[in-house]
Amino acid sequence: MNYRHAFHAGNFADLHKHAILLAMLSALQEKSPALAVIDTHAGAGGYDLAGEMARRSGEAQAGIFRLKGATDAPAVFQPLLDAVTQMNGGKDGDLYPGSPRLMARALGSADRYAGCELRDDDADLLCKTLAPHANARALQADGFDTAVKDAGKGGRAFVVIDPPFERPDDYDRIVATTRAVLSRAPDAALAIWLPIKDLETFDAFLRGMETVTNDLLVAELRLRPLTDPMKMNGCAMVMIGAPASVDPAAAQAGDWLAARLGEPGGRSRVWRA
């Protein structure tokens with residue numbers, strides 16, 4: 001499976017991830033005078049859903065376009081929908097914001113954002129995406145290393161981890177990075193996105209994370225039963241340091257997506273481990 005952001009922009013997993021990310025960012029801002037957001041795998045920051053990669057996958061049609069046409073979407077999606085409308089100049093267009101653009105536009109005056117991207121083409125686009133935002137910067141750097149190096153250097157760290165999962169050690173690096181970040185900045189908050197293809201891979205990751213912290217908020221979304229491990233059957237957000245208000249927001253997002261976009265046997269659940 002190709003996990004490059006442009007292929008999957010605006011799909012069900014993006015809706016789940018971005019609604020929860022914005023809810024967590026807002027909740028952290030209420031509790032912290034200044035946040036230092038580190039986005040380890042930022043991508044280009046924004047996507048044209050009429051472009052070749054998005055059209056090839058077709059996933060946005062069953063994602064953001066379904067959400068925009070819904071009359072019963074819960075309030076947790078409104079910040080995302082507002083950002084989509086703003087990016088399209090108030091019109092019903094095909095542009096979709098990635099997490100860098102979403103978070104950069106939501107920063108407070110004392111907050112700052114650093115987006116890391118290794119690909120040359122996406123790093124160039126990320127620079128352009130973040131250029132209008134004075135408190136945001138793009139780095140062509142390894143995001144895992146940057147998160148560890150920068151954690152604790154001014155403001156409460158909020159680390160967003162969303163790797164492409166094309167390397168066999170991505171899960172192990174997430175666990176190791178989380179451990180190192182919390183060692184340097186015990187008050188750091190983290191939000192980690194994961195695909196769910198089979199239950200054992202997901203459970204093994206959670207077992208690894210439980211050796212690092214006992215403060216896990218897990219928002220799991222399955223659109224279909226886990227019968228085909230070659231498909232992305234669902235996704236999850238695994239969070240550390242999430243304020244209590246994130247729990248109902250995550251449940252609201254997952255429940256609606258499972259009910260409106262899922263197949264029979266799909267489900268959503270949110271729990272603390």
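The structure presented is a predicted model; accordingly, all values stated were derived computationally and were not measured.
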Peer 1: Does the side chain of Leu257 come within less than 4.5 Å of Leu15's, by heavy atoms?
Peer 2: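 Sidechains of Leu257 and Leu15: in contact.
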
Peer 1: Testing the basics here: between Arg260 and Arg66, what is the closest heavy-atom pair and its distance to 0.1 Å?
Peer 2: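 Shortest heavy-atom contact: O-NH2, 2.6 Å.
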
Peer 1: Identify whether the distance between the nearest side-chain nitrogen and carboxylate oxygen of Arg267 and Asp255 falls below 4.0 Å.
Peer 2: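 Salt bridge between Arg267 and Asp255, a charged N being under 4.0 Å from a carboxylate O: no.
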
Peer 1: Check this for me, if you would: do Arg222 and Glu220 make a salt bridge, where the nitrogen-to-carboxylate-oxygen distance has to be below 4.0 angstrom?
Peer 2: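 Here Arg222 pairs with Glu220 in a salt bridge, since their nearest N and O are under 4.0 Å apart.
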
Peer 1: Taking the side chain from Thr211 and the backbone from Gly208, do they hold a donor-acceptor pair closer than 3.5 Å?
Peer 2: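 Checking the backbone N and O of Gly208 against the side chain of Thr211, a donor-acceptor pair under 3.5 Å is found.
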
Peer 1: Check Arg137 with Asp150, please: is the shortest side-chain N to carboxylate O separation under 4.0 Å?
Peer 2: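 Yes, Asp150 and Arg137 are salt-bridged.
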
Peer 1: Taking all heavy atoms of Ile196 and all of Ala236, pick out the closest pair and write down the distance.
Peer 2: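 For Ile196 and Ala236, the tightest heavy-atom pair comes out as CD1-CB, 3.9 Å.
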
Peer 1: Run the salt-bridge test on Arg272 and Asp247 with the 4.0 Å N-O cut-off and return the result as yes or no.
Peer 2: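 A salt bridge is present here (some side-chain N lies under 4.0 Å from a carboxylate O).
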
Peer 1: Do the side chains of Val181 and Leu139 join up, straight or via other hydrophobic residues, at under 4.5 Å, putting them in one cluster?
Peer 2: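 No, Val181 and Leu139 fall in different hydrophobic clusters.
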
Peer 1: Going by an N to O cut-off under 4.0 Å, is there a salt bridge joining Asp14 and Lys17?
Peer 2: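 Looking at Asp14 and Lys17, the cut-off is met.
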
Peer 1: Any ion pair linking Arg173 and Asp145 (charged N to carboxylate O, less than 4.0 Å)?
Peer 2: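 A salt bridge is present here (some side-chain N lies under 4.0 Å from a carboxylate O).
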
Peer 1: For the pair Asp187 and Lys31, find out whether any cationic side-chain nitrogen is under 4.0 Å from an anionic carboxylate oxygen.
Peer 2: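 Judged by the 4.0 Å cut-off on N to carboxylate O distance, Asp187 and Lys31 do not form a salt bridge.
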
Peer 1: Look only at the side chain of Asp39 and the backbone of Gly115, and say whether a donor-acceptor pair between them is shorter than 3.5 Å.
Peer 2: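 No, because the side chain of Asp39 does not come within donor-acceptor range (under 3.5 Å) of the backbone of Gly115.
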
Peer 1: Are His8 and Tyr47 an aromatic pair, judged by ring center distance below 6.0 Å?
Peer 2: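 For Tyr47 and His8, the ring centres are not under 6.0 Å apart.
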
Peer 1: Would a line drawn from the ring center of His41 to the ring center of Phe144 be shorter than 6.0 Å?
Peer 2: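 Here the rings of Phe144 and His41 have centres that are less than 6.0 Å from each other.
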
Peer 1: Which heavy atom of Met87 sits nearest a heavy atom of Gly46, and at what distance?
Peer 2: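 Scanning both residues completely, I find the closest heavy atoms to be CE-CA, 3.9 Å.
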
Peer 1: Between Asp203 (side chain only) and Glu200 (backbone N and O only), is there a donor and an acceptor less than 3.5 Å apart?
Peer 2: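 Not a single qualifying donor-acceptor pair exists.
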
Peer 1: Taking the side chain as every heavy atom from C-beta outward, state whether Thr40 and Thr146 have any atom pair closer than 4.5 Å.
Peer 2: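 Of all side-chain heavy-atom pairs linking Thr146 with Thr40, none is under 4.5 Å.
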
